[in-house]
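Keep in mind that what you see is a predicted model, and the values were worked out from it rather than measured.
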Amino acid sequence: MLKRYILIVPFVLWALQMVGQESNSSVLSLHKGKINRKTAKIGTVEGKKYGVHLKEDLEGADHRARPDVEVEIKAPGQGLYVLESEAYPMDRGLLEKEDTTGLLTTYAYFQLGNSRRTKRIVFDRYKAGRQELGKFALIEGEQKLKIWLPNNLNLSTITLKPYEAPVAPPEAKAYVPKVQPIGEHPRLWVNRENLSMVKGRLTSAENKEAWEKVKDRALEPYSFDFDLEKEIFYDEHLEQVIEQKAFYYLMTQDNAVGQEAVELVTNYLSVLEFGNVTYGDITREIGRSLYVGALVYDWCYPLIDTQTKATLRKEFKRLVLDMEIGWPPFHGLESIINGHGNEAQICRDMLSWSLAVYDEDPEPYKYISYTVLEQLVPMRKFEYQSPRHNQGIDYGGYRFGWEMHAVWLYYRMLGYSVFDDNIKNMTDYWLYMRTPDGNMLRDGDMFSVKYANSGEFYWKNPQTMLLCYAFSGNPLVKGEFYKQGALPNNPVLFLLLNDPSLEPEYGLEQLPLTKDFGPVLGSMVARTGWNQERNSNDVVAEIKGGGYHFGNHQHADAGALQIYYRGIQVGDLGLYLSYGSPYDFNFNKRSISHSMMLAVDPNEELLFRTKTNDGGTRFSQRFPTTPTETQTDPWFNVGFVRSSATEKNANNPSYSYYNIDLTAAYSSKMEAYSRGFLFLNLERQDVPAAIILTDEMQVQDSTFKKYWQINTLNAPKEEQGQLVLNSELEGKVGKTYVNMVLPKQEDRDLQVLGGKESTHVFGTKYEVNSNWPEANGYRIIYAPKEERKRDRFLTIFQMVDGEENPLKVDFEEYDYYYLVRLADKIVYISKGKELIEESIAVDVPYGQGEKEVVFAGVQEGFWNVYGEKGDINFNCIVDEGRNTLSFTSKGGKFIVKPGRSYQASESVLDTN
């Protein structure tokens, strides 16, 4: 009877080619295989593709004893091989109708030889019917592959090819770790010396609740029913139980609990199978399982017999093979410097594994220590000269947290840090970018937008804050940790790190109001105060530019301006909803979604799958991997900071100045471009702050159209010859008056694109569906009417309380600078890249109170200020890279000139 429905067709793999030649693969047409004719039959799709499908709807494949198709394979040698499948829906419409996930995921079951049956994806929305089923260990000789089919799918072919592991670079293969693991356990998170310190903190008032939670779970027996013949998907709850039981043993030496942790993790890993799931960043789940296993291996080391250790090491090796960065960890598309390789998979998961098994298997640590110590550490020492993350608020917070795991794992094991101390300052980024409404100024791809209601959203990443404050001892960051909700779901990490003697501080008033983020990721954030309540009257502004571009989730936004006042007044309109989508690569990550200048060269080359020319800075998905590459390859250079300075009162400066040369950020269409930013803290209720923005842009061809652009969330209005932006929060209205002084009104065109049109890129439609207001914002675009190679722009922003009036502005233009009088400020500001180096006569009117005279963009060196009455005469030094000087006066006429006077005082005095 068996012969009636089984036809034996051998499936032969030809021998592998010699090293250096392309590997062979074999393709089997399943309609020629062994077919169970009671359940399956040969069919075609659109009359072209032969395959095998079920006769009719049958009970689930996991319940049918006999396979639907069977083939025999013969491998030329023992080793790992990759199986791939090709399938076609019998009825795509029916597949869509029956789908409840939106993923169209369809599974078949496979059994190789005597191994257990495994569930694999054979069709989904991402890869359709061409799927890599996974890596399978084959023995030399013949063995059977049994297949159980899903309904409504024609399985056509199976391809088998040798697995090719990532190739470690020669220097990694020859690497002798310069930092060796200690010779005893435990070595993950604690060593013998600091273990007692962690134990001593457990029952402190601050840690007691977390310890009781761990204790209760650890002492409660956990029943894990499993069948070695049936695989299971990951179980996060079980992993947490295992981790907490292992930690409890580490703290108490309770052998019964420790033995339970060992038994649970051994049994769990023996049936854990991730199959060929790839989307949803499954590497993170694979890595977490590996990490938990490593914790048990290290913390419970005295309780694990030799055979169990060998079993666990085998399971660890199985898991790492399916992680995104591969094993050895040198997958060509991944790197520990950027991308998913710069997440948990190396810095926590593989590092923990390599340290745990080092005594029995030192090779994993050789490769992991090479990537961490020789690649990551020197790169971050260079990058973190700027205490902000190139991947932005969300991805930066996420990835930096995993780097901090590596920091801690080495630090606790060795007693000293292998990373540069500048890593302790990185949290300044998240402190300064916070806006009073609980959100953040935008930077990079912000995935938190996907999961939040825009009305009451409060940005948080408490795990990263915990790792940071515990390492730096910064009480302000500990305050942030608690403001963000602490870490109730990870008591083990909290207990490992939290020092109860460090008291959290919640007020940020001790911090300077302005932060210059340095040379690598140039930017300045200036604010009028540190009131973090939602009804705050504070203004927060950022200017970005200078330094380097690192690709991936970083945007093409050199020179971008953001202003917050009771909501976003000027900012970004891009939303991160899907990586690499047409909207993402042509609007969200591009300059056009930011408040910055555009220059359209119609012949500019489009790169990295972009479809439209937005006129912005160079869009990049490349990233450098070494400090030398960063600084020597001009592709990564996006300009330099010419000047950065604040008024002498560093904590509460009356002005903050930033001037950047952004020529390198654009393609060769740009001959020269400089943007200047002067933030004035006016300390008034009606007009708390003003910004003077200068732009000097020169393109290679006068026909290249220039666009000065800012983006806002609500419809702008026109009042008193100015555009007025507005936002409202907690019943308070904030307005921003935008006064473009140059080009004059008659010399420029204005266009406002709102709603769905705001995401159109010069006629090409890119639309986005989102409940966030950015999806329907407004782009305000000024363009000079006359074609010229060089244009200058001068714009004054005033942030105005509700129905109050903006302040009067007086303006004069000179050859190399502008004179602007506003409130109690008399400002001389350079037009662009040329610094002021001429004598200037200053007239401070009497009877109008004290005035502050500010020179922004002056030549470095000695300068002299003297009054016409001869009673004022002092010299001052203007530092290179600051290029500012200022003084106050209640009235008088002065000459400010370069040079040093012999009769002058050498100290800067208020001229009152």
Side-chain angles (χ1 to χ4, degrees), residues 559-561 563 570 591-592 594-602 613-616 659-663 666 669-678 690-712 716-725 736-754 757 762-763 778-798 806-822 827-834 836 856-857:
L561 173 71
I563 303 172
V570 175
S591 302
I592 200 161
H594 301 80
S595 295
M596 54 188 288
M597 283 204 65
L598 312 173
V600 177
D601 168 9
N613 180 355
D614 75 329
N659 184 287
I660 41 180
D661 189 304
L662 299 170
T663 309
Y666 294 79
K669 67 186 177 184
M670 194 66 65
E671 189 169 321
Y673 173 42
S674 291
R675 169 163 272 196
F677 167 90
L678 183 66
I691 293 171
I692 300 174
L693 190 71
T694 66
D695 292 284
E696 183 181 58
M697 177 176 281
Q698 184 167 332
V699 293
Q700 299 282 8
D701 190 316
S702 61
T703 62
F704 294 172
K705 194 73 174 176
K706 306 180 195 74
Y707 299 95
W708 183 100
Q709 174 181 279
I710 57 173
N711 303 325
T712 190
K717 299 179 181 178
E718 189 168 358
E719 294 180 19
Q720 306 175 26
Q722 304 175 69
L723 283 180
V724 185
L725 319 179
T736 296
Y737 282 76
V738 183
N739 179 7
M740 177 166 279
V741 181
L742 294 175
K744 297 178 180 178
Q745 188 169 2
E746 60 270 22
D747 297 328
R748 68 190 189 228
D749 292 320
L750 169 64
Q751 184 181 22
V752 178
L753 299 177
E757 287 190 345
F762 295 117
Y778 294 82
R779 286 171 43 216
I780 298 167
I781 306 166
Y782 286 108
K785 288 183 177 180
E786 185 179 335
E787 290 184 349
R788 285 185 297 266
K789 291 184 67 176
R790 186 178 69 177
D791 282 283
R792 292 191 175 109
F793 300 79
L794 173 64
T795 313
I796 299 169
F797 301 81
Q798 295 186 57
L807 302 173
K808 179 185 176 183
V809 176
D810 291 324
F811 156 76
E812 297 175 26
E813 182 179 8
Y814 296 88
D815 288 342
Y816 297 105
Y817 61 88
Y818 305 116
L819 168 59
V820 177
R821 297 184 182 91
L822 170 69
V827 175
Y828 296 84
I829 186 169
S830 65
K831 290 183 173 181
K833 65 179 181 179
E834 302 295 336
I836 302 170

Inset, instruction - Mark yes or no for whether Arg821, through its side chain, and Asp810, through its backbone, hold a donor-acceptor pair below 3.5 Å. - result: no

Inset, instruction - Please list, chain by chain and in numerical order, all residues satisfying ring-ring contact (aromatic ring centres under 6.0 Å, His included) with Tyr814, sequence neighbours excluded. - result: Tyr817

Inset, instruction - Would you indicate whether the side-chain heavy atoms of Phe704 and Met697 approach each other to under 4.5 Å? - result: no

Legend entry - Beyond-backbone contact of Leu742 with Phe793, side-chain heavy atoms, under 4.5 angstrom: no

Legend entry - Counterpart residues, salt bridge (charged side-chain N to carboxylate O under 4.0 Å, His left out), relative to Lys717 (two or more places apart): none

Legend entry - Single hit among Val738, Ile691, Thr694 for side chain to side chain contact (heavy atoms under 4.5 Å, CB included) with Thr795: Val738

Inset, instruction - Over all heavy atoms of both residues, which pair between Gly832 and Ser674 is shortest? Give the atoms and the distance, please. - result: C-CB, 4.0 Å

Inset, instruction - For Lys833, check side chain to side chain donor-acceptor pair (under 3.5 Å) against everything at least two apart and list the hits. - result: none

Legend entry - Side-chain donor/acceptor of Asn711 to backbone N/O of Arg779, under 3.5 Å: no

Inset, instruction - Could you walk me through whether Asn739 and Gln798 pass side chain to side chain contact (heavy atoms under 4.5 Å, CB included), step by step? - result: CA-CA 8 Å; Asn739 179 7; Gln798 295 186 57; 6.0 Å; no

Legend entry - Partner residues of Tyr782 under the ring-ring contact (aromatic ring centres under 6.0 Å, His included) criterion, sequence neighbours left out: Trp708

Inset, instruction - For the pair Thr663 (side chain) and Tyr673 (backbone), establish whether a donor and an acceptor sit closer than 3.5 Å, ignoring hydrogens and angles. - result: yes

Legend entry - Gap separating the CE atom of Met740 from the CG atom of Leu693, nearest 0.5 angstrom: 8.5 Å

Inset, instruction - Look only at the side chain of Lys831 and the backbone of Glu813, and say whether a donor-acceptor pair between them is shorter than 3.5 Å. - result: no

Inset, instruction - Report the residues that fulfil side chain to side chain donor-acceptor pair (under 3.5 Å) with Arg792, sequence neighbours left out, ordered by chain and then residue number. - result: Glu696

Legend entry - Gln745 atom CD, over 12 foreign heavy atoms within 6.0 Å: no

Legend entry - Qualifying residues under side chain to side chain donor-acceptor pair (under 3.5 Å), relative to Ser595, sequence neighbours excluded: none

Legend entry - Taking every non-hydrogen atom, the tightest pair across Lys706 and Ala783: O-CB, 3.5 Å

Legend entry - Asp701 to Lys789 - nearest heavy-atom pair and separation: C-CG, 4.3 Å

Inset, instruction - Check ring-ring contact (aromatic ring centres under 6.0 Å, His included) between Phe677 and all other residues, then give those that pass, not counting sequence neighbours. - result: none

Inset, instruction - May I have the step-by-step check of side chain to side chain contact (heavy atoms under 4.5 Å, CB included) for Ile710 and Leu725, ending in yes or no? - result: CA-CA 11 Å; Ile710 57 173; Leu725 319 179; 4.2 Å; yes

Inset, instruction - Tell me whether the centres of the aromatic rings in Tyr707 and Phe762 are closer together than 6.0 Å. - result: yes

Legend entry - Residues that Val752 engages under side chain to side chain contact (heavy atoms under 4.5 Å, CB included), provided they are two or more places apart: Pro716, Leu750, Tyr778, Ile780

Legend entry - Exam field: side chain Lys705 to backbone Pro784, donor-acceptor pair closer than 3.5 Å: yes

Legend entry - Spacing of CG belonging to Asn659 relative to CG belonging to Leu678, to within rounding of 0.5 Å: 10.5 Å

Inset, instruction - Applying salt bridge (charged side-chain N to carboxylate O under 4.0 Å, His left out), name anything that partners Asp601, two or more places apart in sequence or on another chain. - result: none

Inset, instruction - Would you please name every residue forming a side chain to side chain contact (heavy atoms under 4.5 Å, CB included) with Glu746, sequence neighbours left out? - result: Lys744

Legend entry - Enclosure of Tyr816 OH (heavy-atom neighbours >12, cutoff 6.0 Å): no

Legend entry - Lys785/Asp747 salt bridge by N-O under 4.0 Å criterion: no

Inset, instruction - Identify, with sequence neighbours excluded, every residue that meets ring-ring contact (aromatic ring centres under 6.0 Å, His included) alongside Phe797. - result: none

Legend entry - Contacts of Glu786 that satisfy side chain to side chain donor-acceptor pair (under 3.5 Å) - sequence neighbours left out: Arg788

Legend entry - Close side-chain approach of Ile796 to Gln722, heavy-atom, < 4.5 Å: no

Inset, instruction - Could you check if a side-chain atom of Leu794 sits within less than 4.5 angstrom of a side-chain atom of Phe811, using non-hydrogen atoms only? - result: yes

Inset, instruction - Determine yes or no for a side-chain-to-main-chain donor-acceptor pair under 3.5 angstrom, with Gln709 supplying the side chain and Leu598 the backbone. - result: no

